[in-house]
Amino acid sequence: MLGSTAFSLVMSSISSRIFTKISIYVNNDIQASIFDSIIDAKWKDLSKYPSGDLLNRFNGDVGTISGNAIGWIPNLIVNVYTFILTFVVLLKMDVTMAWIAILSAPFLLVMSHYIMRKMQEYRKKVLELQSGMMSFEVETFYNFDMIKSFGIFGFYSKKLRSWQQTFKEYSLDYNKFEIKTRIMLTIVSTAVSMVAFGYCLFLLWNGKILYGDMTFFLQQRSSLSGKFNNLVGTIPGMLNSAISVRRVRELVDLPREEHDPESYEKMQEIASDGITVKLSDVSFGYNDDKNVYNNLNFEAHPGEIIAVLASSGGGKTTLMRIMLGMLEPQNGDVQLIGSNGEPVAVNADLRRLFAYVPQGNTILSGTIAENMRMVRPEVTDEEIIDALKTACAWEFVSVLPEGINGTLGEKGRGISEGQAQRLSIARALVRNSPILLLDEATSALDVVTEERVLNNIIKRHPNKVIIVSTHRPGALKLCQKLYRLSENGIEEISYEDAVRINIQYANMSFESERRMVDPSAFMPKKPPKEKVNLLTDDPTENMWGM
């Protein structure tokens, strides 16, 4: 007994260790594969999935797949082996008893079809609800500052409870279904047990078996029934895995970005001479109903700083994503041209020739140096400091107790929006790419700092292509070319036209905001007065034409 106990303890410990190792390996391997698929998916296709849904698939569904792959497959093998062996033993000893033991099998097989269908519906609905709740949670915590500043935490609290209520109601409905199913299966199992018990009593009464035989028969029948139930019980795990696999496969099957490493290597060799960005007859739309651009033509040459103007939602960010190869136009070509004059179509690998500063706060938690080195791991501290000076960020980084090794919170918590923008620009300069894209990257800076930053970049990196989307007159003065985006494409404009257009955009934005806060703005306007006396007439009234 001591030897058996020690052997059992050793084997169970080894089994537990092996199981844990395999579980971690399988889970990590699947997650890594899914992560690579998500990162390399085309932006337009990936953007259809909310971040909460992606997280739920990445963590929850992958965990289900890896857990069931390790759990139910070995259990299935063991249960099938034991079931067959037990049935053969009973069949040799008493054929009638063997068939009585699996009397509930036909009923369970019929019921399993209905049970599987209901479980599949439940699992799918639960995963959808979990994805919705996770999206809500991610969005809430991401916009935490806005929620607190408006004092609308009560609204979000109610919304969370609404999600919880929906989840609770569906869970309770399914629990009711489980209870009914369990009662029905228990009744059937009990009936079969009574039949087996009665048959054994009959054999015992007629002296065909002994009491020990009866006990053995009933034990084996119970074991056979249990193993069959275990086999049926593997079905839920298989169903859960099947649903999770389908959801994960959607991510794996997302269209991948196009790669061409050779094109990058060739362009990298001549990148120091400067690279031209060229868009030819580009048409693009997010859907088939309406295009953002039609037959757009655009060129940016080394040493040029170019401003792109458009109204809010006019396509400035979309244009930069097309240049980066993140979005593919329906028609036209997007190319990079080196000093050798050979055009190369933009692809995911050529993106390394760009440094992009998008709108919003893109600083990640960690030290300032870590934020800089994520785009170029081998960069030295001196190069980081030089980039910070160019972006006018060294003036506040230098006074930090730990300098570039100072730690920032999530979204750069601990510094202002303007400081975060300057760090983002510095990170783009650390990348040291021949093409720099600034998408409203100086919107949080004051006019003086914005001009200093842009002047520094132009002076220290004269061979770069710099494309800026901005509405600041000071920044526009520094640009050699000014372009205006519209539905008809893109056109080059003068500085005076740019200032005038910016005023129009500002008025449009102001009018839009006024309509949101002033319901009377939607009322029909009164006809303007024929004469305006500035001494007697209300200038505000005349201004609005009401």
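Note that the structure is a prediction, hence the values are computed from the model and not measured.
Looking at Y286 and T318, their side chains do bring a donor and an acceptor atom within 3.5 Å of each other. When only modelled atom types and interatomic distance are considered, E169 and Q165 share a side-chain donor-acceptor pair under 3.5 Å. A side-chain N or O of N347 and one of S263 form a donor-acceptor pair less than 3.5 Å apart. N405 and T367 are not linked by any side-chain donor-acceptor pair at a separation below 3.5 angstrom, with hydrogens and angles left out of the test. Residues R321 and T317 bring no donor and acceptor atom of their side chains to less than 3.5 Å of each other. Looking only at atom types and distance, the side chain of N331 has no donor-acceptor partner in the side chain of S283 under 3.5 Å away.
With contacts defined as side-chain heavy-atom distances shorter than 4.5 Å, the pair M93/Q220 does not qualify. Taking the side chain as every heavy atom from C-beta outward, Y264 and D260 never approach each other to under 4.5 Å.
Nearest heavy atom pair, residue I425 against residue L438, reads CG1-CD2, 4.5 Å. Contact record, A196 with M97: CB-CE, 3.6 Å, taken as the closest heavy-atom pair.
For Y199 and W99, the ring centers are positioned 6.0 Å apart or more.
In this structure a side-chain-to-backbone donor-acceptor pair under 3.5 Å is present from R376 to V430. S51 places no side-chain N or O within 3.5 Å of a backbone atom of S135 that could act as its donor or acceptor partner. T86 contributes a side-chain N or O that, together with a main-chain N or O of T82, makes up a donor-acceptor pair within less than 3.5 Å. Here the side chain of T5 pairs a donor or acceptor atom with the backbone of M1 at under 3.5 angstrom. The backbone N or O of F19 sits nowhere less than 3.5 Å from a side-chain atom of S23 that would complete a donor-acceptor pair. Q130 contributes no side-chain N or O that, together with a main-chain N or O of N56, makes up a donor-acceptor pair within less than 3.5 Å.
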Item to complete: Under the side chain to side chain donor-acceptor pair (under 3.5 Å) rule, what do S424 and T362 come out as? Steps first, then yes or no, please.
Response: CA-CA 7 Å; S424 297; T362 58; 3.2 Å; yes
Practice prompt. Check the pair K208 / D213 against side-chain contact (heavy atoms from CB on, under 4.5 Å), numbers first and verdict last.
Written response: CA-CA 10 Å; K208 294 183 179 180; D213 297 324; over 6 Å; no
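The existence of a salt bridge linking E378 and R373 is excluded, since no basic side-chain nitrogen approaches an acidic carboxylate oxygen closer than 4.0 Å. Salt bridge R249/D253: present, at least one basic N to carboxylate O contact under 4.0 Å. Ion pairing of R57 with E250 is present here, as a side-chain N (NZ or NE/NH1/NH2) and a carboxylate O approach within less than 4.0 Å.
Taking CG of L203 as the reference point, atom CG of D94 lies at 6.0 Å (rounded to 0.5 Å). For the atom pair CG (N27) and CD1 (I65), the distance works out to 9.5 Å, reported to the nearest 0.5 Å. Between the OH atom of Y211 and the CG atom of L204 there is a distance of 9.0 Å, given to the nearest 0.5 Å.
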